[in-house]
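The chain is numbered in sequence order, starting from 1. Order of appearance sets the numbers: ligands from 1, and atoms from 1 within every ligand. This structure is a prediction, so every number in the text was calculated from the model and none was measured.
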Amino acid sequence: MARIVMKFGGTSVADLDRIANAAARVKDEVEAGHKVIVTVSAMAGVTNQLVGYVDQTSRMYDAREYDAIVSSGEQVTSGLMALRLQEMGVPARSWLGWQIPLRTNDVHGKARIEAIETEEISGRFAEGQVAVVAGFQGISPNNRITTLGRGGTDTTAVALAAAFRADRCDIYTDVDGVYTTDPRIVAKARKIDKISFEEMLEMASQGAKVLQTRSVELAMNHGVRLQVRSSFEMSDGTLVVDEDEIVEQQIVSGIAYSRDEAKITLVQVSDKPGVAAAIFGPLTQASINVDMIVQSVSPDGERTDMTFTVSKADLERARTALEDHRDEIGYREMLSDADVVKISVIGIGMRSHAGVAQTMFSTLAEKGINIQVISTSEIKISTLVAEEYTELALRALHTAYGLDAH
Ligand code: ADP
Ligand code: ASP
Ligand code: MG
């Protein structure tokens, strides 16, 4: 008898039929003798709609009210899932974040989980009851509802698995596993049977939204056995495992993309000590994260251009912060472009193989795609290109690295 956490994403609970389908998967596990905790997302599209309501009501909204509003989709699906299970003869009870309680810090909109009380739900296990936990939400030290960032139900699932020492954490979604790249864009993408935590972490943080980044981080730190699988087909999914469990290591394992980037260039800033601090200080103060950075060589040793990226949602605030500090920074002009995409090639094999970057650069060049910014880490190379080339670049790189399905 195992303990299993089962997470169903938005498309898997998009309507009553799909909730019934997901509930049947839960019933199978219960009948096999397992103890099950379920966690659910809101119905597909609902969270976006709720975020839209917030934006239409207030531009500089109060994040505590944002959380009160956008967390509500999961209240509906957790109740419906519990009710459907009961109808199927499976004892079940729904739980909102505050009822468990699932405690977080008070960073509204992207709160971090700090503790999960297990006593009450563990007691119900003994009676054979399935706990259905509303995903994506928790409660702050001030007793306010918090949310965990978009895609946060993945993190709810892994945190529950860690807290209840589950034997498995199964993430049920609309694809049957993690692919070499987004299968909705590249038809030749291949399903990966096993991927290392490190590569999955890099894929997620570079934009592959199949798992929320923080969920992978948590699973890695707590040794949670994480699996991504289809809620519609009965098939093995993708296991996320330690690096040493992977026998045949590819040089490049996957390619991710993120449309959530915007580029800012400050033209002709002084090329002198302290200028980078003058630029990035105001952005840090405004809690804006900067991702890629390039500084061009200065032809005269006096002036240079500084280009960097921020998330699209932060672009306007970043522009305002830089305008407010124009005198201290001293730039001639500020340019920005939101029509860009970041494409990242990821693989642990890069540590020991040269030439991976060159393949990326030459492949993009052959397709006439100009690279605007480059950044690298030990197991990743990212390039920023015009958004219109997203599909072309992904497909060409997928072929170039030998990832195409046969
Ligand atoms: P859920 O609502 O179940 O959480 P998401 O939409 O958040 O599902 O994540 C699943 C989606 O992630 C897929 O439909 C797919 O388009 C996208 N995706 C992006 N990159 C990948 C990848 N490398 N492998 C699998 N899916 C990916
Ligand atoms: N419903 C939330 C979202 O759309 C959380 C999730 O789906 O994981 O971001
Ligand atoms: Mg998701």
Original post:
For ligand 1, is Gly254 a contact, meaning one of its heavy atoms is under 4.0 Å away?
Top reply: no
**OP:** Run the contact test for Gln212 against ligand 1 with a 4.0 Å cut-off on heavy atoms, strictly below, and give the result.
**Re:**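 No.
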**OP:** I would like to know whether Tyr179 and Ile192 meet side chain to side chain contact (heavy atoms under 4.5 Å, CB included); could you show each step before the answer?
**Re:** CA-CA 5 Å; Tyr179 279 69; Ile192 303 171; 5.8 Å; no
What atoms of ligand 1 come closer than 4.0 angstrom to any heavy atom of [X]?
| X | answer |
| --- | --- |
| Met203 | 23 (N) |
| Val178 | 24 (N) |
| Thr173 | 1 (P), 3 (O), 8 (O), 10 (C) |
| Ala208 | 20 (N) |

Original post:
With a cut-off of 4.0 Å, which atoms of ligand 2 are near a heavy atom of Arg150?
Top reply: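 It comes down to these atoms of ligand 2: 3 (C), 4 (O), 9 (O).
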Distance to 0.1 Å, residue and atom name: give those for the protein heavy atom nearest to [atom].
| atom | value |
| --- | --- |
| atom 25 (C) of ligand 1 | Gly177 O, 3.4 Å |
| atom 7 (O) of ligand 1 | Lys209 O, 3.5 Å |
| atom 24 (N) of ligand 1 | Tyr179 N, 2.9 Å |
| atom 7 (O) of ligand 2 | Ser41 OG, 3.0 Å |
| atom 4 (O) of ligand 1 | Lys7 NZ, 3.0 Å |
| atom 21 (C) of ligand 1 | Asp182 CA, 3.7 Å |
| atom 2 (O) of ligand 1 | Gly10 N, 3.1 Å |

Polar-atom distance check: [X] versus ligand 2, any N or O pair below 3.5 Å?
| X | value |
| --- | --- |
| Glu74 | yes |
| Gly10 | no |
| Thr47 | yes |

**OP:** Kindly indicate, with the supporting measurements, whether the criterion side chain to side chain contact (heavy atoms under 4.5 Å, CB included) is fulfilled by Lys367 and Leu364.
**Re:** CA-CA 5 Å; Lys367 297 289 174 191; Leu364 294 175; 6.0 Å; no
Original post:
Which one of Asp174, Asp154, Val210 has a non-hydrogen atom at the shortest distance from atom 13 (C) of ligand 1?
Top reply: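 Selected option, by shortest heavy-atom distance: Asp174.
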Original post:
ligand 2 versus Gln212, non-hydrogen atoms closer than 4.0 Å: side chain, backbone, both, neither?
Top reply: neither
Look up atom [atom1] in [X] and atom [atom2] in [Y], then write down how far apart they are to the nearest 0.5 Å.
| X | Y | atom1 | atom2 | answer |
| --- | --- | --- | --- | --- |
| Tyr61 | Ile69 | OH | CD1 | 10.0 Å |
| Lys312 | Ser258 | NZ | OG | 7.5 Å |
| Thr118 | Arg165 | OG1 | CZ | 8.0 Å |

If only side-chain N and O atoms count, and only distance matters, is there a donor-acceptor pair under 3.5 Å linking [Y] with [X]?
| X | Y | result |
| --- | --- | --- |
| Glu199 | Ser196 | yes |
| Thr180 | His398 | yes |
| Thr307 | Thr265 | yes |
| Asp67 | Thr147 | yes |
| Ser12 | Ser231 | yes |
| Thr146 | Thr104 | yes |

**OP:** Please assess Phe280 against Phe308 for the test ring-ring contact (aromatic ring centres under 6.0 Å, His included), listing each intermediate value before the final yes or no.
**Re:** CA-CA 10 Å; Phe280 298 117; Phe308 49 91; 5.1 Å; yes
Original post:
Does ligand 1 have a heavy atom under 4.0 Å from the side chain of Thr181, from its backbone, from both, or from neither?
Top reply: backbone
Original post:
Just heavy atoms, cut-off under 4.0 Å: does Ser12 contact ligand 1 by side chain, backbone, both, or neither?
Top reply: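 The answer is neither.
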Original post:
Does Gly73 come within less than 4.0 Å of ligand 2, judged by its heavy atoms?
Top reply: no
Original post:
Does a salt bridge link Arg124 with Glu120, judged by any charged N lying under 4.0 Å from a carboxylate O?
Top reply: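 Yes, Arg124 and Glu120 are salt-bridged.
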